[in-house]
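Here the structure is laid out as structure tokens; the discussion comes afterwards.
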Amino acid sequence: MNRLAINGGYPVRKEKIYYGCQWIDDDDINTVVDTLTGPFITCGPKVDEIESELVEYTTAKHAVVVSNGTAALHCACIAAGIGPRDEVITTPLTFAASANCILYCGAKPVFADIDIETYNIDPKSIEANITEKTKAIIAVDYTGQAVNIKEIRKICDKYNLIFIEDGAHSIGTKYNGKPVGSLADMTCFSFHPVKTITAGEGGAILTNDDNLYKRLVLAHTHGITHDKDMMEDGPHEGPWYYEQISLGFNYRMTDFQAALLISQMKKLDLFKARRNEIVNKYDEAFSDIPEIIIQKEIPESDTCRHLYIIRLDLDKLNCSRREFFDALSAENVQPQIHYVPVYWFPYYQHMGYEKGLCPNAEKIYEGIMSIPLYPKMTDRDVHDVIAAVKKVVENYRK
Ligand SMILES: *Cc1c(COP(=O)(O)O)cnc(C)c1O
């Protein structure tokens, strides 16, 4: 057996590889430079153009691009009318922003548990957590796999709730043939560099609903409107006149970011194909390793995978998750953990959330780690990751 690098052996590879990395090529660079040297670097035509492209790609009726994915979630909560005394149900196995946006509106995040095989929010647990105060559900397409849209839609219809999909991981995914973005009442995307396509920082909200769309537009630009039909006092003050009719924020995306995103969108299908090619290689390599549990895919989801998660069956290993993590990173394959359950953080603990609240999410958290997955990975990189995981498993096998 090869000695682990952490014990003084040779690492599987020389150069460190990380769990995610953007793909920026000359087309991306040139389009950004063109926009930067043009007349509009913000509030210009590229923003309209990317919104049209997102509408076309997702088949949703409207798109609003914003400064980041967290702003997208905040705008969605504002548009949904979420306020103090409301409760909103979400998953704990997510980035903190999925729950923080509820707090921004003065409402209470309620954590439903996840399905032990797909790691997505469990509709049965959603229903068990509904009260008179429940206003909306924020369901996260964890790792890119679509949530159980059919069941969540049913629950939303039954209890008159707004369905917000946190699609930060899932642009490019389809559910029963329909693109994410067209399915929930509102879908939020993130274009942070680790996500599938990037604008540096960026986000978007997609909706089919005209009223929600109007509120989203207001929310991301100060609550100000130039639209005569929306004004209360009207344009009688003169041609310079606009009105603030609600309280909004400045969450606008710049035109050079929009230009980058337009260029990235052209590569989305290619990114999806390469990501899934790597996922298939990993699935195949790990399927006969009993110490590693693979995330289950529901047949309805044609997934554009953002993260590849290995779950350790720690009963079969002579090491802790931490020891496995450190050994893998010593082989120069740097894993990451997605995510610490949100309510474990001190800020949430101080609000009174207690550990033990969502047993499945906590159990999954104890054994998972994300290994490198991004389209720029070479076949050699993929080979190294598999070799490193196998090497660590073999060394710690009981
Ligand atoms: C990245 C992410 C966000 C936040 O997006 P930003 O663009 O970083 O603000 C929200 N939810 C999930 C699940 C994410 O992964």
Side-chain angles (χ1 to χ4, degrees), residues 18-22 50 54 63-78 88-105 109 111-112 114 118-121 136-147 152 163-173 180-181 184 186-206 216 219-220 249-254 257-258 260-261 264 275 295 301 303-309 336-343 345 348 358 361 364-365 368-370 373-374:
Y18 296 89
Y19 83 90
C21 182
Q22 69 273 17
I50 186 60
L54 284 167
V64 180
V65 290
V66 293
S67 44
N68 55 66
T70 306
L73 286 163
H74 189 193
C75 288
C77 288
I78 294 168
V88 179
I89 297 173
T90 191
T91 170
L93 196 67
T94 185
F95 184 59
S98 311
N100 288 345
C101 60
I102 302 164
L103 295 175
Y104 295 162
C105 294
F111 295 98
I114 59 168
T118 66
Y119 316 151
N120 268 332
I121 195 165
I137 295 167
I138 300 179
V140 179
D141 299 323
Y142 178 75
T143 73
Q145 173 169 219
V147 288
I152 296 173
F163 181 6
I164 299 170
E165 192 174 355
D166 181 342
H169 298 180
S170 64
I171 193 165
T173 292
V180 165
M186 288 177 274
T187 305
C188 300
F189 292 140
S190 164
F191 306 119
H192 182 277
V194 297
K195 307 294 162 70
T196 301
I197 54 172
T198 187
E201 295 275 359
I205 316 103
L206 285 293
L216 290 167
H220 93 301
F249 295 79
N250 178 358
Y251 280 161
R252 289 188 302 263
M253 179 184 277
T254 66
Q257 289 174 300
L260 176 55
L261 202 55
Q264 290 269 302
R275 281 175 173 276
Q295 184 184 2
S301 181
T303 304
C304 176
R305 193 75 81 80
H306 163 56
L307 296 172
Y308 193 93
I309 307 283
Q336 180 54 281
I337 310 291
H338 298 96
Y339 297 90
V340 178
V342 174
Y343 60 80
F345 291 128
Y348 281 82
C358 297
I364 294 301
Y365 164 69
I368 53 171
M369 68 188 69
S370 310
L373 176 63
Y374 52 90

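Please read these numbers as outputs of a predicted model, since none were measured by experiment. Counting starts at 1 for both ligands and their atoms, following the listed order.
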| task | Enumerate the atoms of ligand 1 whose separation from the nearest heavy atom of V140 is less than 4.0 angstrom. | result | 13 (C)
| Quick one: does G203 get a heavy atom under 4.0 Å from ligand 1? | no
| In terms of residue, atom name and distance, what is the protein heavy atom nearest to atom 5 (O) of ligand 1? | S190 OG, 3.3 Å
| said: Ignoring hydrogens, what is the shortest heavy-atom contact between Y19 and S370? Give both atom names and the distance. | reply: CB-O, 4.3 Å
| task | Please lay out, stage by stage, how F249 and H220 fare under the test ring-ring contact (aromatic ring centres under 6.0 Å, His included). | result | CA-CA 5 Å; F249 295 79; H220 93 301; over 10 Å; no
| query | Who's the nearest protein heavy-atom neighbour of atom 15 (O) of ligand 1, and how far? | reply | H169 NE2, 2.8 Å
| query | What are the atoms of ligand 1, with element, lying closer than 4.0 Å to any heavy atom of T94? | reply | 13 (C)
| task | Among all protein heavy atoms, pick the one closest to atom 11 (N) of ligand 1 and tell me residue, atom and distance. | result | D166 OD2, 2.8 Å
| query | Do you know which two heavy atoms are closest between Q145 and N120, and how far apart they sit? | reply | O-ND2, 3.1 Å
| query | What are the two closest heavy atoms between L206 and G181, and how far apart are they? | reply | CB-O, 3.4 Å
| said: To check your reading of the model: name the closest protein heavy atom to atom 9 (O) of ligand 1, its residue, and the distance in Å. | reply: T70 OG1, 2.5 Å
| Which atoms of ligand 1 are found less than 4.0 Å from any heavy atom of G69? | 5 (O), 6 (P), 7 (O), 9 (O)
| query | For ligand 1, which atoms, with element, lie under 4.0 Å from some heavy atom of F95? | reply | 2 (C), 3 (C), 4 (C), 12 (C), 14 (C)
| said: Return the closest protein heavy atom for atom 12 (C) of ligand 1 as residue, atom name and distance. | reply: A168 CB, 3.4 Å
| Of all heavy-atom pairs between I121 and T91, which one has the smallest distance, and what is that distance? | CD1-N, 3.8 Å
| request: Search all heavy atoms of A71 against all heavy atoms of N68 and return the closest pair with its distance. | output: N-OD1, 2.7 Å
| Verdict with supporting geometry, T143 and H306, side chain to side chain donor-acceptor pair (under 3.5 Å) | CA-CA 5 Å; T143 73; H306 163 56; over 6 Å; no
| ligand 1-proximal atoms of Y339, by part, heavy-atom distance under 4.0 Å | side chain
| Under 3.5 Å: N/O of K195 near N/O of ligand 1 | yes
| Do we see a donor-acceptor contact under 3.5 Å between the side chains of H169 and Y142? | no
